[in-house]
Amino acid sequence: MTETQPDHLVASVRAVLPSLTPSAQVIARLILDDPATVARSTITELSANSGVSEATIVRTARMLGFSGYAPLRLALAAAAARAEPDRLVPGDLGLTDPLSDVIAKVTRSEIEALSDTAAQLNPDQLDTVISAAIAARRIDIYGVSASGLVAADMAQKLLRIGMSGHAFTDVHLALTSAALLRKGDLAIGISTSGETPDIIEPLRQAGLAGATTVAITNNPWSNLARTADHTLVSAGRETSFRPGAMASRISQLLLVDCLFVGITQRTFATSEQALKLTREAVSDYMAEHRPRPRS
């Protein structure tokens, strides 16, 4: 893991939390719960407050991409200086929250998910995936549940510009399609956790068939990310009042939109013509079947 930047440090820690050891998770949760306090704590103070040894704290900092605890403290301090307090410790939705607070908290959560995703998105990695999509004979997109909705969104976008994109939300169909891919094709697996077997196995099969594989996931250390040739990291925190990856889905859609715009830019002549033809086809149908006003 490369050194984590202060602008999205908390989001990065949250993303890799499930992949950390139990002791490292204790430190990571302290960072997520109160990063400003961790930034103010010496390693001795943090060890005393957490019950985790100083050696483990140093190892945790290294697992998070830092050379030691001191650089981690500096990054946390920089993040605290750049962010408003509620940006570092976002308030969870509560059972008795008035709707005004629900609106504010959901809005803030989704804005943060978009901001964190954009901050973590590597333009070179995105460009590589765009090139693979443009060159592909066929593009498979695997997703279930809320990620299946994102897969369907990407497939319909590709269809609008004349590209062969197919979304699969059933693992049997996904595996069937993956087995028939070949070198030069592209397979994209979408999973917030990166640990969904129904996505990992088709992506693995696609790779064995010779296709280029891409993971879209919150966790860059997940099994899905390890399976893929390339990983695009989304961000978004789930809580009991935000099941189905509400913020995560928004961040996944941002990545899909960036891919789509990048593909369209690079294939503008054909994409523009395809968009014109598909828009006209729908417009003609609507004009023909629009209800007539009663006389």
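Predicted, not measured: the structure shown is a model, and the values here were computed from it.
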> Considering all heavy atoms of both residues, which atom of Ala228 and which atom of Thr231 are nearest to each other, and what is their separation?
Replying inline: CB-OG1, 4.5 Å

>> Can you list everything that forms a side chain to side chain contact (heavy atoms under 4.5 Å, CB included) with Thr56? Sequence neighbours excluded, please.
In response: Ser23, Val52, Ser53, Arg59, Thr60

>> Quick check: do Ile216 and Val150 have side-chain heavy atoms less than 4.5 Å from each other?
In response: no

>> A side-chain contact here means heavy atoms from C-beta on lying under 4.5 Å apart; do Gln25 and Leu17 qualify?
In response: yes

> When rounded to the nearest 0.5 angstrom, what distance separates CD1 in Ile103 from CG in Asp97?
Replying inline: 11.5 Å

>> If you count every heavy atom of other residues, nucleotides or ligands that lies below 6.0 Å from His172 atom NE2, does the total exceed 12?
In response: no

> Got a salt bridge between Arg266 and Asp127, using NZ or NE/NH1/NH2 to carboxylate O under 4.0 Å?
Replying inline: yes

>> According to side chain to side chain contact (heavy atoms under 4.5 Å, CB included), who are the partners of Val282, at least two apart in sequence or on a separate chain?
In response: Met286

>> Count I, L, V, M, F, W, Y as connected when their side-chain heavy atoms are under 4.5 Å apart, and connections chain through other members. Are Leu224 and Leu181 then in the same cluster?
In response: yes

> Is Ser109 close to Val106 at the side-chain level, that is, under 4.5 Å between some pair of heavy atoms?
Replying inline: no

> Going hydrophobic residue to hydrophobic residue with side-chain gaps under 4.5 angstrom, can you get from Ile250 over to Ile190?
Replying inline: no

>> Please find the pair of heavy atoms, one from Pro202 and one from Pro197, that lie closest to each other, and give the distance.
In response: CD-O, 3.9 Å

> Below 4.5 Å, heavy atoms only, C-beta onward: do Leu72 and Ile31 meet side chain to side chain?
Replying inline: yes

>> With a 3.5 Å distance limit and no angle check, can you tell me whether Ser115 reaches the backbone of Ile111 through a side-chain donor-acceptor pair?
In response: no

> Can you hop from Ile134 to Ile188 via hydrophobic side chains spaced under 4.5 Å?
Replying inline: yes

> Would a hydrophobic clustering, with Ile, Leu, Val, Met, Phe, Trp and Tyr connected at side-chain separations under 4.5 Å, put Leu253 with Ile161?
Replying inline: yes

>> Return the CG to CD distance between Asn218 and Gln120, rounded to the nearest 0.5 Å.
In response: 8.5 Å

>> Donor-acceptor pair, distance only, cut-off 3.5 Å: does the side chain of Arg62 make one with the backbone of Ser67?
In response: yes

> Is any side-chain heavy atom of Met63 closer than 4.5 Å to a side-chain heavy atom of Trp221?
Replying inline: yes

>> Using 0.5 Å steps for rounding, measure from the OG1 atom of Thr128 to the CG atom of Asp229.
In response: 11.0 Å

> Rounded to the nearest 0.5 Å, how far does NE2 of His166 lie from CG of Leu159?
Replying inline: 9.0 Å

> If we only count heavy atoms from C-beta on, is the Tyr69 to Ser41 side-chain gap below 4.5 Å?
Replying inline: yes

>> Testing the 3.5 Å rule here: is there a donor-acceptor pair between the side chains of Thr278 and Arg160?
In response: yes

> Could you walk me through whether Thr213 and Thr227 pass the side-chain contact (heavy atoms from CB on, under 4.5 Å) check?
Replying inline: CA-CA 8 Å; Thr213 56; Thr227 300; 5.8 Å; no

> Which atom pair, heavy atoms only, marks the closest approach of Leu254 to Ala118?
Replying inline: CD2-N, 4.2 Å

> Given the rule in the side-chain contact (heavy atoms from CB on, under 4.5 Å) test, do Ile263 and Leu158 qualify, once you have shown the distances and angles that lead to the verdict?
Replying inline: CA-CA 9 Å; Ile263 291 168; Leu158 293 173; 4.1 Å; yes

>> Please check this pair: side chain of Thr267 against backbone of Thr270, looking for a donor-acceptor N/O pair closer than 3.5 Å.
In response: no

> Are Arg108 and Glu112 ion-paired here, with the side-chain N under 4.0 Å from a carboxylate O?
Replying inline: yes

>> Measuring only between side-chain heavy atoms, which start at C-beta, is Asp116 closer than 4.5 Å to Ser251?
In response: no

> Quick one: OG on Ser147 to CG on Asp198, what's the gap to the nearest 0.5 Å?
Replying inline: 11.5 Å

> Where the side chain of Asp185 meets the backbone of Arg182, is there a donor-acceptor pair that is under 3.5 Å apart?
Replying inline: yes

>> So, taking the atom named NZ in Lys276 and the one named OG in Ser283, what distance separates them when rounded to the nearest 0.5 Å?
In response: 11.0 Å

> Counting N and O atoms only, with roles assigned by atom type, does the side chain of Thr264 sit under 3.5 Å from a partner on the main chain of Phe260, one being a donor and the other an acceptor?
Replying inline: yes

> Can you name the closest pair of heavy atoms from Gly162 and Ala274 and give their distance?
Replying inline: N-CB, 3.9 Å

> Leu180 and Arg137: which non-hydrogen atoms are nearest, and at how many Å?
Replying inline: O-NH2, 3.8 Å

>> With side-chain hydrogen bond (donor to acceptor under 3.5 Å, both in side chains) as the test, pick out the partner of Gln252 among Thr192, Asp153, Asp257, Thr217.
In response: Thr192

> Between Ala209 and Ala178, which heavy-atom pair has the shortest distance, and what is it?
Replying inline: CB-O, 3.5 Å

>> Hydrophobic clustering (ILVMFWY, side-chain heavy atoms < 4.5 Å, transitive) - are Phe168 and Leu203 grouped together?
In response: yes

